[in-house]
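For reference, the structure discussed in these notes is given below.
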Protein chains: 2
Amino acid sequence: MTAPRAEIARAEVMCRERGVRLTDQRRRVLEILCAAGRPVGAYEIMDAMREGPRVVAPPTVYRALEFLLEQGLIHKIESLHAFVGCDHPEHPHSSEFLICLECGDVAELKDDAVERSLASVTRESGFLPRRRVVEVMGICARCARKEECARKEEADRVRGLVD
Amino acid sequence: MTAPRAEIARAEVMCRERGVRLTDQRRRVLEILCAAGRPVGAYEIMDAMREGPRVVAPPTVYRALEFLLEQGLIHKIESLHAFVGCDHPEHPHSSEFLICLECGDVAELKDDAVERSLASVTRESGFLPRRRVVEVMGICARCARKEECARKEEADRVRGLVD
DNA sequence: GGACGACATGATATCTTATAACGTGCCGAC
DNA sequence: GTCGGCACGTTATAAGATATCATGTCGTCC
Ligand SMILES: [Zn+2]
Ligand SMILES: [Zn+2]
Ligand SMILES: [Zn+2]
Ligand SMILES: [Zn+2]
């Protein structure tokens with residue numbers, strides 16, 4: 001929830017270099033996504049924008065999202081119908097996510113092993129990839145540890161009762 | 001569009017073995033998916049079911065889909081909001097798809113290279129995977145060939161005009 | 001400076017996808 | 001027989017996304 005100054009500044013520069021306009025609406029959406037640091041749905045973004053001066057309608061949000069996606073500044077997470085700011089938008093890349101079912105945390109993979117293995121599989125079959133969606137739902141390391149502790153405590157408690 | 005007798009028979013056996021019920025509604029949905037041989041949306045399935053004796057409402061379709069997903073008889077393609085019958089449901093597996101943007105054809109990968117590289121990446125980070133979504137959008141081999149031919153013909157035509 | 005065109009936004013309506021909530025009927029266990 | 005679990009019916013509504021047309025904004029060209 002830190003102010004996403006750095007991300008915005010970076011985006012400004014990238015857009016200027018490319019000759020595209022990071023307008024108020026687009027910047028606002030990017031700010032909301034970066035500040036959240038988690039997947040946010042389009043309608044939630046819309047609500048967040050309402051807090052400002054004016055009311056916005058769905059197309060406004062979706063248009064801003066479309067632009068940010070094109071520029072590689074954000075990613076869409078298909079399995080959540082939600083969007084996240086990109087960690088490292090400097091170079092265009094396909095995104096891969098680890099999504100925690102417990103705490104909702106989302107981590108963007110930077111490793112390209114998956115990308116390479118996908119590339120080799122598709123090349124073999126003559127398929128020309130354009131966009132990749134790789135999303136793994138599961139339990140993140142932190143939640144796994146927490147659950148492990150809880151299990152232990154429970155076991156201890158039961159042992160205590162039996163004694 | 002072949003009659004999906006084999007798939008249905010196989011599903012019947014699997015359900016019996018597991019002690020779960022492949023009811024009329026569930027079988028009907030599976031038939032529609034297998035017969036289509038392409039991704040089909042829930043509401044399209046609903047329309048297909050209407051052709052039969054009775055009217056069905058969305059929850060009926062979604063409940064059947066939920067059951068079939070649980071039993072591994074079908075997969076959901078997140079990026080299309082659609083469902084497909086599974087090629088090889090005998091052993092539970094996570095699904096990986098190549099989706100053609102041109103003709104809409106969907107191929108389920110059987111190769112497990114992607115699965116393995118994903119597994120190693122997630123293991124390293126202490127993440128416990130539950131469900132994987134791997135969907136690659138692009139141009140299938142057949143459409144790529146077709147486009148290649150079209151490009152050649154166009155080039156020939158232009159050469160002809162210049163001459 | 002004024003006309004024009006490209007692009008961005010506003011506003012309204014509608015469409016698609018998915019689920020909540022509650023009731024009914026079937027069937028086997030006891 | 002009745003009880004409980006499960007599948008299904010029915011109605012309503014939530015949630016996500018897009019189509020369409022009007023309006024505004026801004027730089028360019030004359
Ligand atoms: Zn990224
Ligand atoms: Zn977690
Ligand atoms: Zn499968
Ligand atoms: Zn194709």
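Here is how names work: the chains are called A, B, and so on, in the same order as the sequence lines, proteins then strands, and each is numbered from 1. Quick caveat: nothing in here was measured; it's all calculated off a predicted structure.
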List, one per line, each side-chain donor-acceptor pair under 3.5 Å for residues 100-107 of chain B, sequence neighbours excluded.
none

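- Screening residues 136-147 of chain A for side chain to side chain donor-acceptor pair (under 3.5 Å), with sequence neighbours left out, gives no hits.
- For the segment residues 12-23 of chain A, the set of residues with a heavy atom within less than 4.0 Å of an atom of DNA chain C comprises A:R21, A:T23, in numerical order.
- Each of A:D24 and B:H81 was assigned the nucleotide of DNA chain C with the nearest heavy atom; the assignment lying further toward the 5' end belongs to A:D24.
- The list of ring pair (Phe, Tyr, Trp, His ring centres under 6.0 Å) pairs with a residue in residues 96-124 of chain B, not counting sequence neighbours, reads B:H75-B:F97.
- Scanning DNA chain D 5' to 3' for nucleotides with an atom closer than 4.0 angstrom to a non-hydrogen atom of chain A gives a first and last hit of D:dG16 to D:dA19.
- A:L22 CG to A:R28 CZ: the interatomic distance, rounded to the nearest 0.5 Å, is 13.0 Å.
- The residue among B:R26 and A:E44 whose nearest nucleotide of DNA chain D lies closer to the 5′ end is B:R26.
- For the segment residues 57-71 of chain A, the set of residues with a heavy atom within less than 4.0 Å of an atom of DNA chain C comprises A:A57, A:P59, A:T60, A:R63, in numerical order.
- One finds the CG atom of A:L118 at 8.0 Å from the CG atom of B:L98 (value rounded to the nearest 0.5 Å).
- Taking the side chain to side chain contact (heavy atoms under 4.5 Å, CB included) definition, one finds that A:D111 meets it with A:A113, B:V121, sequence neighbours left out.
- Evaluation of the ring pair (Phe, Tyr, Trp, His ring centres under 6.0 Å) rule for A:H88 yields A:H93 as partners, not counting sequence neighbours.
- B:L73 pairs in a side-chain contact (heavy atoms from CB on, under 4.5 Å) with only one of the listed residues (B:E7, B:R26, B:M14), which is B:M14.
- For A:H81, the side chain to side chain contact (heavy atoms under 4.5 Å, CB included) partners at least two apart in sequence or on another chain are B:H81.
- Rounded to the nearest 0.5 angstrom, B:Q25 CD and B:L68 CG are separated by 11.5 Å.
- When DNA chain C is scanned 5' to 3' for any atom under 4.0 Å from a heavy atom of chain A, the first and last hits are C:dA8 to C:dT12.
- The salt bridge (charged side-chain N to carboxylate O under 4.0 Å, His left out) pairs that include a residue from residues 73-93 of chain A are A:R10-A:E90, A:E78-A:R131, A:D87-A:K110, where partners are two or more places apart or lie in different chains.
- Among residue pairs with one or both ends in residues 61-71 of chain B, none qualify as salt bridge (charged side-chain N to carboxylate O under 4.0 Å, His left out); sequence neighbours excluded.
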